[in-house]
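Below, chains carry the letters A, B, ... as their sequence lines are ordered, and counting in each starts from 1. Note: hydrogens, waters and symmetry copies are ignored here, and every other heavy atom, side chains too, is used.
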2 protein chains.
Amino acid sequence: MGRRSDHSRAELEALILDAGQALMAEVGLARFSAREVAKRIGYSVGTIMHMFGGIDPLVMAINSRTFLLWADWLEHRLSGLRGQERIEALVRGYFEFAEGHPNLWAAIYAHRLPEGTGLPEPLADQRARLTAIVTREVSAILAEERQEDAPSLARSLVATVHGHCSFALGGSFALLGETEPLALALRRVDEILRANGAALAEF
Amino acid sequence: MGRRSDHSRAELEALILDAGQALMAEVGLARFSAREVAKRIGYSVGTIMHMFGGIDPLVMAINSRTFLLWADWLEHRLSGLRGQERIEALVRGYFEFAEGHPNLWAAIYAHRLPEGTGLPEPLADQRARLTAIVTREVSAILAEERQEDAPSLARSLVATVHGHCSFALGGSFALLGETEPLALALRRVDEILRANGAALAEF
DNA sequence: ATTAAAATTGGACGCTGTTCAATTTCCATA
DNA sequence: TATGGAAATTGAACAGCGTCCAATTTTAAT
């Protein structure tokens, strides 16, 4: 025991986050376990506790990492698209990422940090990247005199799509007999954008 | 030990659900504990396990109960209102209930039942009541030739408001600098209803 | 080489959900 | 009213969890 220079501080952190995110993807937040992460990387639980300070900060770090993954994936998905195709790709992208990584996605919204504790600045920045992408795209199809509405409108659109995606993956829509959640979300986004003066082609 | 007729079967179930819901409201899903519920009602954990079959079914029952509470509260809130005031009251009601019972509300959406297991019919019915109210109100302000759109539109509106409420209580909006989540939700609902031919007064 | 500091461990603690044999109570029948 | 079988309830056991910390080992500086 003691400082084994098998891994540097940064390497060890990456090791923990890699294994942690993998475990989260496999079993979800409810069955996530710091002990299991420790077992997988060959360190003791104490090491993880010492580095992150508890299981909540660790989960926060993993979730912020998921946001990064998500944002990169979205950007890649936008490349080559033009005009309002890009907006549609954002909505589809939201759903597809969530469906492709349901446990990672659900962990983001199921995990509530004990009251009072806010996100450390760097983690907050990682999370804001996703909305920044949407703001940029919304801005691009908004008239010049409505540019100032873009940030607020983007946040609201993300919330709208999130609500539909959340009901789709959480089973609420299935419970209510709704079979086309994505189509619903796409229509709402279209309506909202038109109502706010976006330049969209006729249906 | 043995069948103590202190309480009938139904009484005991109500006792467990009462104490369970109270505990959920106090500590939230993450710190919810069947053992603590047992302690509070003076029975052993085994009794709860035997009645509900596990902690997941118990949480499901509590959450469905929360839906009932919510629906009743909403109905009461609608009484005396007319026209589009009723739609506005639904949106405000969604936010106010969530803000008034944050742990109960969050537990509904944070709890994901282990895959494959669906809700028992009676519980599903309890949950559908809330959307049924919205469908009724949406139907009331929709033109006759658009009546068939009401159920789907209502589900979508609930999802939209849920998304905004979820971002508000979960801290996403705060993180992104949004300070007026309710106002945002109200505007989106107005836009969506107008886009679908609802009879709403000029702003 | 010595020493102070940092990293890592393993074990303890109290908690959790789940299971089940043993016990107690109830109800129906004789 | 006595009795037997069925149902309810318990308490203890189990494995796992997050958290903590004294003890140990390694590293880096002197």
Side-chain angles (χ1 to χ4, degrees), chain A residues 1-17 19-20 22-24 26-63 103 107 110-117, chain B residues 1-17 19-20 22-24 26-63 103 107 110-117:
Chain A
M1 318 108 192
R3 183 192 304 166
R4 326 179 313 185
S5 59
D6 293 359
H7 307 97
S8 76
R9 212 74 185 130
E11 282 174 338
L12 183 51
E13 184 175 327
L15 212 60
I16 293 172
L17 289 177
L23 177 62
M24 186 69 83
E26 289 172 31
V27 306
L29 180 61
R31 300 198 211 296
F32 181 82
S33 148
R35 287 187 119 101
E36 174 64 22
V37 174
K39 200 179 300 177
R40 291 188 179 198
I41 63 173
Y43 278 76
S44 77
V45 208
T47 300
I48 293 183
M49 281 341 221
H50 186 252
M51 282 204 67
F52 286 87
I55 202 184
D56 278 326
L58 173 57
V59 170
M60 277 165 42
I62 291 173
N63 285 345
N103 285 333
H111 185 246
R112 311 191 97 68
L113 29 162
E115 65 171 285
T117 42
Chain B
M1 319 106 191
R3 184 191 306 163
R4 326 178 312 185
S5 58
D6 293 359
H7 308 98
S8 74
R9 210 74 185 133
E11 282 173 337
L12 182 50
E13 184 175 327
L15 212 59
I16 293 173
L17 288 178
L23 177 62
M24 186 70 82
E26 288 173 31
V27 304
L29 180 61
R31 302 199 209 294
F32 182 83
S33 147
R35 288 187 119 101
E36 176 63 24
V37 174
K39 199 178 302 178
R40 291 189 179 198
I41 64 173
Y43 279 76
S44 76
V45 208
T47 299
I48 293 183
M49 282 338 218
H50 186 251
M51 282 204 67
F52 287 86
I55 202 183
D56 279 325
L58 172 57
V59 171
M60 276 165 42
I62 291 172
N63 285 345
N103 284 334
H111 184 246
R112 310 192 97 68
L113 31 160
E115 65 171 284
T117 43

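Within the model, atoms CD1 of A/I62 and CG of A/L29 stand 9.5 Å from one another, a figure rounded to the nearest 0.5 Å. In this structure, NZ on A/K39 lies 13.0 Å from OG on A/S44, to the nearest 0.5 angstrom. Note that CD1 of A/I16 is 7.5 Å distant from CG of A/L58, once rounded to the nearest 0.5 Å. The CD1 atom of B/I55 lies 5.5 Å from the CZ atom of B/F32; values are rounded to the nearest 0.5 Å. Note that NE2 of B/H50 and CG of B/L12 are 11.5 Å apart. Values are rounded to the nearest 0.5 Å.
One can place CD of B/E13 at 13 Å from P of D/dT9, the figure rounded to the nearest angstrom. Rounding to whole angstrom units, CD1 of residue B/I48 and P of C/dG17 are separated by 9 Å. Remark: P of C/dA5 and NE2 of A/H50 are 15 Å apart, rounded to the nearest angstrom. One interatomic measurement links the two molecules: CG of A/L15 to C1' of C/dT8, which rounds to 15 Å at whole-angstrom precision. The CZ-C1' distance, from B/R9 to C/dT25, rounds to 13 Å in whole Å. For B/Y43 and C/dT24, the OH to P distance is 17 Å, given to the nearest whole Å. Rounding to whole angstrom units, CG of residue B/L23 and C1' of C/dC15 are separated by 14 Å. Distance CE (A/M49) to P (C/dA6): 22 Å, rounded to an integer number of Å.
As judged by a 4.0 angstrom heavy-atom cut-off over every strand, A/L12 is placed among residues touching the sugar-phosphate backbone only.
When the C1' atoms of four end pairs are superposed on the next four at each end of the helix from C/dA1-D/dT30 to C/dA30-D/dT1, using five pairs per end, the two resulting axes differ in direction by 10°, to 10°.
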With 3.5 Å as the limit, what N/O pairs link the protein to nucleotides 12-17 of chain D?
{"unit_1": "D/dC17", "atom_1": "OP1", "unit_2": "A/S33", "atom_2": "OG", "d": "2.9"}

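Residues that satisfy the salt bridge (Lys or Arg N to Asp or Glu O under 4.0 Å) test with A/E13, not counting sequence neighbours, are absent from this structure. In terms of the side-chain hydrogen bond (donor to acceptor under 3.5 Å, both in side chains) criterion, residue partners of B/R40 (sequence neighbours excluded) are, by chain and number, B/E26, B/E36. Applying the side-chain contact (heavy atoms from CB on, under 4.5 Å) criterion to B/A38, with sequence neighbours excluded, gives B/I48. With sequence neighbours left out, A/A61 forms a side-chain contact (heavy atoms from CB on, under 4.5 Å) with A/L17, A/F52.
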